[in-house]
Structure formats: C-alpha cells, structure tokens
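Working notes for the structure below.
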Amino acid sequence: MKKTRGLVYGIGYSNDGKYKKTKDYTNQNGHTIPTPSYRVWVEMLKRCYDTKYQLHKPTYKDCSVCEEWLNYQKFAQWYEENYYEVNDNEVMRLDKDILVKGNKIYSPQTCIFVPNNINVMFTNCKTVRGDLPIGVSYNKQGKKHYRARMNNWIIGNKREDYGTYFTPQEAFEVYKYHKEQLIKQVADKYKNQIPQQLYDALYNYQVEITD
C-alpha cells in the first residue's frame, strides 16, 4: 500500500523493507548519509518532478517515473541487480534514453547504468545551439556559413572541426558520420566492462537531425 506521508517530491514513497534509505553511520558533522540507491532514486525523482530543477534543465520537463519505481523498495531492488562499475572508479549514471531513443519514462525496461564518459556523449545542448541541427554552428566568415564540429572524448574531449558547408543539412551529415563513428569507438573501448545490451545499443545508435 502506498504511503501518503513523507512523500519525496510529492510522489515518491518508501515502505518499510529490505532496502535502507541511509547508512548505519553518520558523517563527521553527525548528519545521516544516504545509501547509493536512495541517492540515485531521489535524483531521478528530482529530474522529473522538481519544477525549479527543470527551469535549469528543461529537457526533463516531460519526463516521468513509472508507477513501480515510485516505490523506493522496488527501485532499490532493481538497482542492486543492475548496478555495476567500470575501471578507474568512473562515475556511473542512470540513463533512460540510450536503450530507447527519445524515451521520457524512467522504468526497468528503458533504463540502464552507463559510465559518465558514455552518458555525456548524448548531451544535445538544445538550449545553446538554438534552431540549428545538433553538431552545427553558424560561421560568419566566407561563403560557407555552417560549421560541423564535435567534442571527441577519445582524444581528451577536444573539439574537432570538420569544415564549413553551404547548408545546415550538409554540415549535419558530416557531423552525423563522425559522431556515430565516435560512439562505436567508445563502445569498443568499454566492450568488456559494460552489459551487452548497452554495447549493442551504442553500436546501433543513429544520430538524427531532429536530435
């Protein structure tokens, strides 16, 4: 039965059960420390149901959490069964739209943990680039006004420039090719550390002009 008291962001709840919200010890200031699964759960709810947060991150405005995961105990069980880490203690992120592109619902069927270096490759920066396609910027110099460029994580996240073009569509096609190749390179780099499901999704990922 869903609790009506102590709701998190007005919707999430935690019935008594196996999974704890806080660790059994406090920090040096005497404050309780959330367990990793509870911290991730609260952050997920924040993205979907905190209107102040969405003012700064508008891409989460239409996102939601499935009914099952509104119960912390259910989410924590999935967390325990699916969480993993990669070499170098890289930060892991809960991702909702690599397995199912364009997905807006956090659920067991659509989510997977991914290394942060993979997660950041799919940031679309719509609020920065305006109406131009992803990977395209306006260039005032010369006759070709549209530049294709990309941050390449393989070489230290340095920006690579792929030239200028007459139309946004031409520039996007060049960006698309290089971005899809980069995603495959990164997938291969992590191949022995990530779930096969994630590896396959990365290899089949297609960049679209509407991204």
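Note that the numbering runs from 1 along the sequence shown for the chain.
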Could you walk me through whether Ser14 and Lys21 pass side chain to side chain contact (heavy atoms under 4.5 Å, CB included), step by step? CA-CA 8 Å; Ser14 177; Lys21 295 188 292 184; 3.9 Å; yes
Might you work through the ring-ring contact (aromatic ring centres under 6.0 Å, His included) test for Tyr72 and Tyr19, ending with a clear yes or no? CA-CA 8 Å; Tyr72 167 65; Tyr19 302 100; 7.1 Å; no
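When side chains are defined from C-beta on, Phe75 counts as touching Leu94, because their heavy atoms get closer than 4.5 Å. Within the 4.5 Å cutoff, side-chain heavy atoms of Gln73 are placed close to those of Asn71. Side-chain contact between Trp41 and Val8 is present, with at least one heavy-atom pair separated by less than 4.5 Å. For the pair Pro108/Glu68, a side-chain contact is recorded, criterion being any heavy-atom separation below 4.5 Å from C-beta on. Between Leu182 and Asn152, some side-chain heavy-atom pair lies under the 4.5 Å cut-off. Ile112 is not listed as a side-chain neighbour of Asn82, based on a closest heavy-atom distance of 4.5 Å or more.
Note on ring orientation: taking the six-membered ring where Trp is involved, the planes of Tyr83 and Phe113 are perpendicular (angle over 60°, cut-offs 30° and 60°).
With respect to Lys176 and Glu180, a salt bridge is recorded, a charged nitrogen being found less than 4.0 Å from a carboxylate O.
Not one N or O on the side chain of Lys96 forms a donor-acceptor pair closer than 3.5 Å with the backbone of Val65. Remark: side-chain polar atoms of Thr110 are not paired, donor with acceptor, to backbone N or O of Val100 under 3.5 angstrom. Looking at Ser137, its side chain never comes within 3.5 Å of a backbone N or O of Arg149 through a donor-acceptor pair.
Remark: Gln181 CD is packed, more than 12 non-hydrogen atoms of other residues, nucleotides or ligands lying under 6.0 Å away. When the shell of 6.0 Å around CD of Gln141 is examined, it contains 12 or fewer heavy atoms from other residues, nucleotides or ligands. Within a 6.0 Å sphere centred on NZ of Lys189, heavy atoms belonging to other residues, nucleotides or ligands number 12 at most. Under a cut-off of 6.0 angstrom, the local environment of CG in Asp161 is crowded, with over 12 non-hydrogen atoms contributed by other residues, nucleotides or ligands. Taking a 6.0 Å sphere around NZ of Lys101, one finds it holds more than 12 heavy atoms contributed by other residues, nucleotides or ligands.
Rounding to the nearest 0.5 Å gives a distance of 7.5 Å between OH of Tyr203 and NZ of Lys191. For the atom pair Ile154 CD1 and Gln185 CD, the distance stands at 5.5 Å (nearest 0.5 Å). Interatomic distance, Ile105 CD1 to Glu67 CD, rounded to the nearest 0.5 Å: 12.0 Å.
Of all heavy-atom pairs between Asn117 and Glu90, the closest is N-OE2, 2.7 Å.
Using modelled atom types, one finds no donor on one side chain facing an acceptor on the other under 3.5 Å when comparing Tyr53 with Lys57.
For the ring pair (Phe, Tyr, Trp, His ring centres under 6.0 Å) test with Trp69, the passing option among Tyr13, Tyr79, Trp78 is Trp78; the others fail.
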